[in-house]
Amino acid sequence: MKSTGTAYLPIQLRALLIEDFPVVEKWSNDHAFCLANGWEIDRNEDELFSWWHNCVHNHPHDFVRLGVQYESRLIGYADLANINGISAEIGIAIGESKLWGHGVGTEVVKLLMVNATEKFGTEIFDAETHEANTRSKKMLEKLGFTEISRIGSEVYQGIESRLIQYRYNKGE
C-alpha cells in the first residue's frame, strides 16, 4: 500500500452498538452525508432505528460492518462485503461531513484492509465509487487501487453518475 504522507490519526474500528443510535440520527440530519451516501433525507426515526438495529445484530458470514471511532466518538462505519476466500469489497461512510477531505477516510481504509488481512486472509480488495466523487477516487488511487472498469451508474448527490470499479491486490 502506498504511503499517504498523512500524520497518524487516532482512528479505531470497533463493534457497532445500539447505544450509537443518537449519533446515527445526527448523520441522518446531515444533508451532505445523506446525499453522498444515498440516504433518504428526513428519514423516519423508527425506520432508521430498525435499520441500525439490523446493522448491530445481523451478522451474515460474508459481511462485516464496523464502527469508525475517532477521538473517542463514533464518526462513521466501514464495511467488508462479499468476503470470499482471499477477496472482499470495501466501503466506508464518514458520518461527520466536516471531517471529509482531512485524511480520515484514507486511514479508515488502511485499518479496514489490515483488519481484513488479519481476520480473513484477504489479499484482493475491490471498491466502487461514483465518477463524480472526486475525494473517493483520489483516496483509492492514493492507496494504490487501480481502476478496473466503469460499469453502471447511480444517483450521487442528486445527479446520475457513472460507477467506477477499483481493485487493490496485495500480491502485486
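In what follows, every heavy atom counts, from backbone to side chain, and hydrogens, waters and symmetry copies are set aside.
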Okay, side chain of [X], backbone of [Y]: is any donor-acceptor separation there less than 3.5 Å?
| X | Y | answer |
| --- | --- | --- |
| Thr117 | Thr122 | yes |
| Ser28 | Glu25 | yes |
| Asn37 | Phe33 | yes |

*Take Arg167 and Thr146 through the side chain to side chain contact (heavy atoms under 4.5 Å, CB included) test and state the conclusion after the steps.*
CA-CA 5 Å; Arg167 178 162 289 156; Thr146 304; 5.7 Å; no
State yes or no: do [X] and [Y] share one hydrophobic cluster built from I, L, V, M, F, W and Y residues joined by side-chain heavy-atom distances below 4.5 Å, directly or via other members?
| X | Y | answer |
| --- | --- | --- |
| Val114 | Ile86 | no |
| Leu163 | Leu140 | no |
| Ile124 | Leu111 | no |
| Trp100 | Val109 | yes |

What distance do [X] atom [atom1] and [Y] atom [atom2] have between them, rounded to the nearest 0.5 Å?
| X | Y | atom1 | atom2 | result |
| --- | --- | --- | --- | --- |
| Lys119 | Leu80 | NZ | CG | 9.5 Å |
| Arg135 | Ile94 | CZ | CD1 | 11.5 Å |
| Trp52 | Leu17 | CH2 | CG | 8.5 Å |
| His59 | Leu16 | NE2 | CG | 8.0 Å |
| Ser136 | Glu128 | OG | CD | 10.0 Å |
| Ile75 | Ile11 | CD1 | CD1 | 5.5 Å |

_Within-4.5 Å side-chain heavy-atom neighbours: Tyr168 and Met113_ =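 SC-SC contact between Tyr168 and Met113 confirmed.
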*Is any side-chain heavy atom of Asn84 less than 4.5 Å from a side-chain heavy atom of Asn82?*
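No, every pair of side-chain atoms sits at 4.5 Å or beyond.
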Do you know which two heavy atoms are closest between [X] and [Y], and how far apart they sit?
| X | Y | answer |
| --- | --- | --- |
| Leu35 | Gly158 | CD2-N, 4.2 Å |
| Ala36 | Tyr156 | O-CE1, 3.5 Å |
| Phe125 | Ala116 | CE2-CB, 3.6 Å |
| Cys34 | Ile41 | CB-CG1, 3.8 Å |
| Ala78 | Val108 | CB-CG1, 3.9 Å |
| Ala127 | Phe145 | CB-CE2, 4.1 Å |

*With sequence neighbours excluded, tell me which residues meet ring pair (Phe, Tyr, Trp, His ring centres under 6.0 Å) with His31.*
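Testing His31 for ring pair (Phe, Tyr, Trp, His ring centres under 6.0 Å), a comparison that skips the adjacent residues, returns none.
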*Test Asp20 against every option in Lys26, Arg73, Arg14 by the salt bridge (charged side-chain N to carboxylate O under 4.0 Å, His left out) rule and name the one that passes.*
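Result for salt bridge (charged side-chain N to carboxylate O under 4.0 Å, His left out) with Asp20: Arg14.
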Side-chain donor/acceptor pairs under 3.5 Å, residues 147-154, sequence neighbours excluded:
residue	atom	partner	partner atom	Å
Glu147	OE1	Arg150	NH2	3.1
Glu147	OE2	Arg150	NE	2.6
Ser149	OG	Gln165	OE1	2.7
Arg150	NH1	Glu131	OE2	2.4
Ser153	OG	Glu160	OE2	2.6
Glu154	OE1	His130	NE2	3.0

*Apply side chain to side chain contact (heavy atoms under 4.5 Å, CB included) to the pair Leu48 and Trp39, showing each step before the final yes or no.*
CA-CA 10 Å; Leu48 182 65; Trp39 281 32; 3.9 Å; yes
_Taking Lys110 first and then Glu107, would you say they form a salt bridge - that is, a charged N and a carboxylate O separated by under 4.0 Å?_
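Salt bridge between Lys110 and Glu107, a charged N being under 4.0 Å from a carboxylate O: yes.
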*Check the pair Ile90 / Asp126 against side chain to side chain contact (heavy atoms under 4.5 Å, CB included), numbers first and verdict last.*
CA-CA 6 Å; Ile90 62 165; Asp126 291 321; over 6 Å; no
*Does the side chain to side chain contact (heavy atoms under 4.5 Å, CB included) test come out yes or no for Leu74 and Trp27, once each step is laid out?*
CA-CA 11 Å; Leu74 184 72; Trp27 301 342; 3.8 Å; yes
_Validation row, ring centre Phe21 to ring centre Phe49 under 6.0 Å_ =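 So the answer is yes for these two rings.
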